[in-house]
Amino acid sequence: MSDDTPHPEWQLAPQENFIRLSLTLPTVTTAPDSPSLVFSHQQLQQSLANYLRIMSGRWQDQTLVRLAVNNQLLDTRQLQAIAAGLKEQNLTLQWVETNRRQTAVAAASAGLSVDQTIADKPLVDPSEVPSPPKPLVVRHTLRSGGEIRHGGDVVIIGDVNPGSSIVADGDILIWGCLRGMAHAGAKGNDQAVIMILRLAACQIRIGDRLARVGADAVDRREPEIAYITSEGIRLTPVRQFQRSALF
């Protein structure tokens, strides 16, 4: 970056158990909807190193970091560069907060926990119902310690390992084995479902209901779907599922 080029802005806020690190990228013009400048992963890493050098001594070693990027578009290499820059200062990047689906997918692909929040936009017409966010599709296994939070549907093409979790306001589809925690309809949507290629978890959650999975239901070798009935959460083979069974 030349001296005339605007630099990424970093802001560090220590919390009780982690550090919240906010990243703001400069825009091309001063218009409200102007696109952000694109920085290489080397430029992001260098700017972060400069900032952390100034802020050094304000954290303990191995402190976890929650990176807030709002609507900034970042790819996997840029996120990995930020993680590497933090590691040089004995900090560990654990979460990424973002409004952008592409950034959420990149973070999940990098093995990071994701909290994809919904952009706080005012409604022009109060009677207008906002559209739900697009599904978040993650094409890899969610490792232990990984966490995904999303305001819509979540699709995992891979396994969900023990110690990892998915919390979705919509449905959850796992094209793999569920060994961790899955919570669909997290904001009280009792119509949400969880579809699993193979279930090996101890419990699942839908809305405000929780079901403990019996040993007889674990490791069945066919796709299953979990949904709420008047008797609680029911698990049934997909080939037998009928939406009319919902109340």
Run the side-chain hydrogen bond (donor to acceptor under 3.5 Å, both in side chains) test against [X] and tell me which residues pass, sequence neighbours left out.
X	result
Q203	R212
E88	none
R205	none
Q240	none

Apply side-chain contact (heavy atoms from CB on, under 4.5 Å) to [X] and list each qualifying residue two or more places apart in sequence or on a separate chain.
X	result
Q102	L73, R100
S113	Q94, W95, E147
T24	E9, Q72
A83	L93

Practice task
Start with the C-alpha gap between Q62 and T92, add the side-chain angles, then the distance that decides, and say whether side-chain contact (heavy atoms from CB on, under 4.5 Å) holds.
Solution key: CA-CA 6 Å; Q62 306 308 321; T92 302; 3.6 Å; yes
Fill in the blank from the handout: residues 184-204 vs ring pair (Phe, Tyr, Trp, His ring centres under 6.0 Å), sequence neighbours excluded, gives none
Completion exercise
In R149, R66, Q116, the residue satisfying side chain to side chain donor-acceptor pair (under 3.5 Å) with E97 is R66
Problem - Q43 backbone acceptor or donor facing Q46 side chain under 3.5 Å - result: no
Exercise for the section: Could you tell me whether the side chain of H150 and the main chain of R101 form a donor-acceptor pair under 3.5 Å? Expected result: no
Closest heavy-atom pair and its distance - [X], [Y]:
X	Y	result
I172	A182	CD1-CB, 4.1 Å
G170	A184	O-CB, 3.4 Å
A110	Q80	CB-CG, 4.3 Å
L74	T103	N-OG1, 3.1 Å
R20	A68	NH2-CB, 3.5 Å
P8	L44	CG-CD2, 3.9 Å

Please tell me whether [X] and [Y] are part of a single hydrophobic cluster in this structure, the criterion being side-chain heavy atoms less than 4.5 Å apart.
X	Y	answer
V137	L197	yes
I82	F18	no
M181	I204	no
L235	I206	yes

Fill in the blank from the handout: Quick note, side-chain hydrogen bond (donor to acceptor under 3.5 Å, both in side chains) partners involving residues 51-60, not counting sequence neighbours, are N50-R53
Exercise for the section: Would you check, one step at a time, whether the test side-chain contact (heavy atoms from CB on, under 4.5 Å) holds for E222 with R239? Expected result: CA-CA 9 Å; E222 66 175 318; R239 57 185 169 80; 2.9 Å; yes
Handout entry: Trace of the side-chain contact (heavy atoms from CB on, under 4.5 Å) decision for L86 with L52
Key = CA-CA 8 Å; L86 291 169; L52 293 179; 3.9 Å; yes
Completion exercise
Under a side-chain separation threshold of 4.5 Å, the hydrophobic residues clustered together with L210 are none
Exercise for the section: Go through the steps for L67 and L79 under the test side-chain contact (heavy atoms from CB on, under 4.5 Å), then give the verdict. Expected result: CA-CA 10 Å; L67 177 65; L79 289 169; 4.0 Å; yes
Name the atoms and distances for all side-chain donor-acceptor pairs under 3.5 Å in residues 151-168, with sequence neighbours left out.
{"residue": "D153", "atom": "OD1", "partner": "D171", "partner atom": "N", "Å": "2.7"}
{"residue": "D159", "atom": "OD1", "partner": "C177", "partner atom": "N", "Å": "2.7"}
{"residue": "S164", "atom": "OG", "partner": "N161", "partner atom": "N", "Å": "3.3"}
{"residue": "S164", "atom": "OG", "partner": "N161", "partner atom": "O", "Å": "2.4"}

Enter the distance from [X]:[atom1] to [Y]:[atom2] here, rounded to the nearest 0.5 Å.
X	Y	atom1	atom2	result
Q89	K87	CD	NZ	13.5 Å
R209	I233	CZ	CD1	7.5 Å
M195	L178	CE	CG	13.5 Å
C202	L199	SG	CG	9.0 Å
H183	D208	NE2	CG	7.5 Å
L12	L23	CG	CG	12.5 Å

